[in-house]
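Right, one structure below, let's go through it.
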Amino acid sequence: MTSAQVDKQDDRSGNEAVGTAHGAAEGEGYQRGLGARQIQMIAIGGAIGTGLFLGAGKAISKAGPSLILAYAIAGLVIFFIMRALGELLMYRPVSGSFSEYAREFVGPFWGFVTGWTYWLFWVVTGITEVTAAAQYMAFWTHNDVPQWLYALVFTLILYAVNLISVKLFGELEFWFSMVKVTAIVGMILICAGILTVGFSDAADTATVANLWNDRGFFPKGIGGTLMTLQIVMFAFLAVELVGVTAGESKDPEKTLPKAINTVPWRIAVFYIGALIMILSVVPWHEFQPGVSPFVAAFEKMGLGVGAAVVNFVVLTAALSSCNSGMYSTGRMLRDLALNGQGPKFFTKLTKSGTPLIGTTVSAALMLVGVWINYKAPGKAFDYVVSFATISGMWAWIMILVCQIRYRAKADRGELPQSTFKAPGAPFTSWFALLFIFMVIVMMGVDKDSRVSLYCAPLWGLILGVSYLVLKARNPDNKAFAKRS
């Protein structure tokens, strides 16, 4: 939706606003090809990626069983963020949701920053995910094939998939997510069987007491748990992807709230439940950074075939997240271009309604991951995780700020009330903001993630200069005008 469309819509009633937004995708050239089952599985599987399957190994080694508590608290914050997003989406569901809301409720510059930063987040995340996928392939090839070659092949395949149609993207994500969900539930059931019936090589030492027997629930102290928060928050990045799908959902008023309300139980099952089971069957100190705790758990159980299956699943998870990145980046670049905040050639669509130039440029930049895998295959994942975290959390910050400002305007009668209000807001939104800022402070303390905080001001400077140049060239563009 362009800025002109937004300006015309602001004074309409709630029903009219929703109706206009519902048709916005067609007006921009997009096709509403994502059905209810696809949106549900995108929402369920969106946050099940390398942060859980690969990053959790490092987090377990740093915090031990207390990582479960870190995921639980962070999961509550994520639910607050998603309900804030849901309130905004029901007010106005659009494809460029984060940057659109930032333009409307904070200012044109912040919309510009949010759009480009979210695009950068997915480019960096794509590098992260394709790096993880290449690492998983070593399970079968034992490094006989260079890691960078896998990264190259995966990037090219997913790029081709994303140019065909949004319906194919949705179908691929549906089955990617189905594989991930089925595997995690199956793993939980197997661990439950080991704990209750007692089979496999791990049966003799498997016990729930493993959660506190080895130096307690906080073996590395409270500080160790706090230092894992950036890894934990990275695991939840992409949960907001459902907001990007708003412009291509067949029935956003029904499917999006339903998808958002699945957040609590999927966090409880896929993160907390899975970690409780794994750490009960295998003592926490046996997990190593850079090794998937799911694969390691099956190897400790003596179930070699199970480890191979799980490795395939985590490979699927990484490719799924990279696929989502390809999807998101093209749409964010096109939204920026439609608003005059990006090059006009990003508006070009294929005949099937997918962003051609935006997806192509983003995929080309993701090939940086191939170079990283070539130069430093052992450290590639760690290099990009921290920067992906800080850039991804910016979208969360803007969602919360926009929701707080929207709610204030709606309560004053200046805007229509959303049909999907965030419970406890604005207090829950303020709490979530404070939590995110605490995570950023923890990143500054951690020498491994501090580099992302050094990069953030440089990125901000680049965006600031770019914005001033674009505004000088297009002074009459409504994208640069302050909205009342």
Side-chain angles (χ1 to χ4, degrees), residues 37-38 40-57 59-60 65 67-68 71-72 75 129 132-133 135-137 139-140 171-208 210-211 235-236 238-239 259 262-284 286-288 291-321 323-324:
R37 69 179 179 88
Q38 293 166 327
Q40 283 292 327
M41 290 308 292
I42 288 172
I44 291 172
I48 305 176
T50 54
L52 173 63
F53 286 121
L54 183 60
I60 291 172
L67 181 65
I68 297 168
Y71 272 111
E129 303 294 2
Q135 287 180 353
Y136 293 142
M137 291 302 295
F139 179 86
W140 291 294
E171 199 64 25
L172 188 62
E173 278 305 294
F174 175 85
W175 290 109
F176 272 159
S177 297
M178 183 66 75
V179 169
K180 292 184 286 186
V181 168
T182 302
I184 293 179
V185 171
M187 188 218 63
I188 290 174
L189 293 176
I190 291 173
C191 288
I194 293 174
L195 289 169
T196 55
V197 179
F199 63 89
S200 88
D201 295 346
D204 293 339
T205 58
T207 171
V208 177
N210 282 331
L211 298 178
F236 288 124
V239 71
T262 65
V263 169
W265 71 259
R266 58 182 152 121
I267 289 175
V269 173
F270 301 134
Y271 284 87
I272 300 172
L275 285 174
I276 288 175
M277 287 299 179
I278 288 177
L279 293 174
S280 295
V281 172
V282 181
W284 70 269
E286 296 189 24
F287 295 99
Q288 301 296 324
V291 178
S292 168
F294 294 83
V295 174
F298 275 100
E299 289 180 337
K300 295 293 183 182
M301 296 173 196
L303 304 176
V305 174
V309 171
V310 172
N311 195 73
F312 170 75
V313 173
V314 296
L315 171 64
T316 301
L319 294 177
S320 171
S321 294
N323 189 39
S324 297

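All values reported here derive from a predicted model rather than from experimental measurement.
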Please work out which of the three classes, parallel, tilted or perpendicular, describes the rings of F236 and Y71, given edges at 30° and 60°.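 Ring orientation, 0 to 90° scale: perpendicular.
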
So, K180 versus T316: side-chain donor-acceptor pair below 3.5 Å or not?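 No, because no side-chain N or O of K180 sits under 3.5 Å from a partner of the opposite role on T316.
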
Tell me every residue that passes side-chain contact (heavy atoms from CB on, under 4.5 Å) with I276, counting only those two or more places apart in sequence or in another chain.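 If we apply the side-chain contact (heavy atoms from CB on, under 4.5 Å) test to I276, skipping adjacent residues, the hits are I68, L211, I272, S280.
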
Using 0.5 Å steps for rounding, measure from the CD atom of E286 to the CG atom of L279.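 So the CD of E286 and the CG of L279 are separated by 11.0 Å.
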
Measuring from atom CD1 of I190 to atom CD1 of I194, what distance do you get when rounded to the nearest 0.5 angstrom?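 It comes to 7.0 Å.
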
Over all atoms of both residues, closest heavy-atom pair of [X] and [Y]:
{"X": "A297", "Y": "I278", "value": "CB-CG2, 4.2 Å"}
{"X": "L195", "Y": "T207", "value": "CD2-N, 3.6 Å"}
{"X": "G57", "Y": "P293", "value": "N-CD, 3.7 Å"}

Quick one, L67 and W284 - any side-chain contact, counting heavy atoms below 4.5 Å?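 No. Closest side-chain heavy atoms not under 4.5 Å.
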
Student check: side-chain heavy atoms of F270 and W265 closer than 4.5 Å: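 The answer is yes, as the side chains (C-beta and beyond) meet within the 4.5 Å cut-off.
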
L315 and W140: CA distance, side-chain angles, deciding distance, side chain to side chain contact (heavy atoms under 4.5 Å, CB included) verdict: CA-CA 12 Å; L315 171 64; W140 291 294; 4.1 Å; yes

Using the test side-chain hydrogen bond (donor to acceptor under 3.5 Å, both in side chains), find all partners of N210 that sit at least two apart in sequence or belong to another chain.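 Partners of N210 by the side-chain hydrogen bond (donor to acceptor under 3.5 Å, both in side chains) criterion come out as none, since no residue qualifies.
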
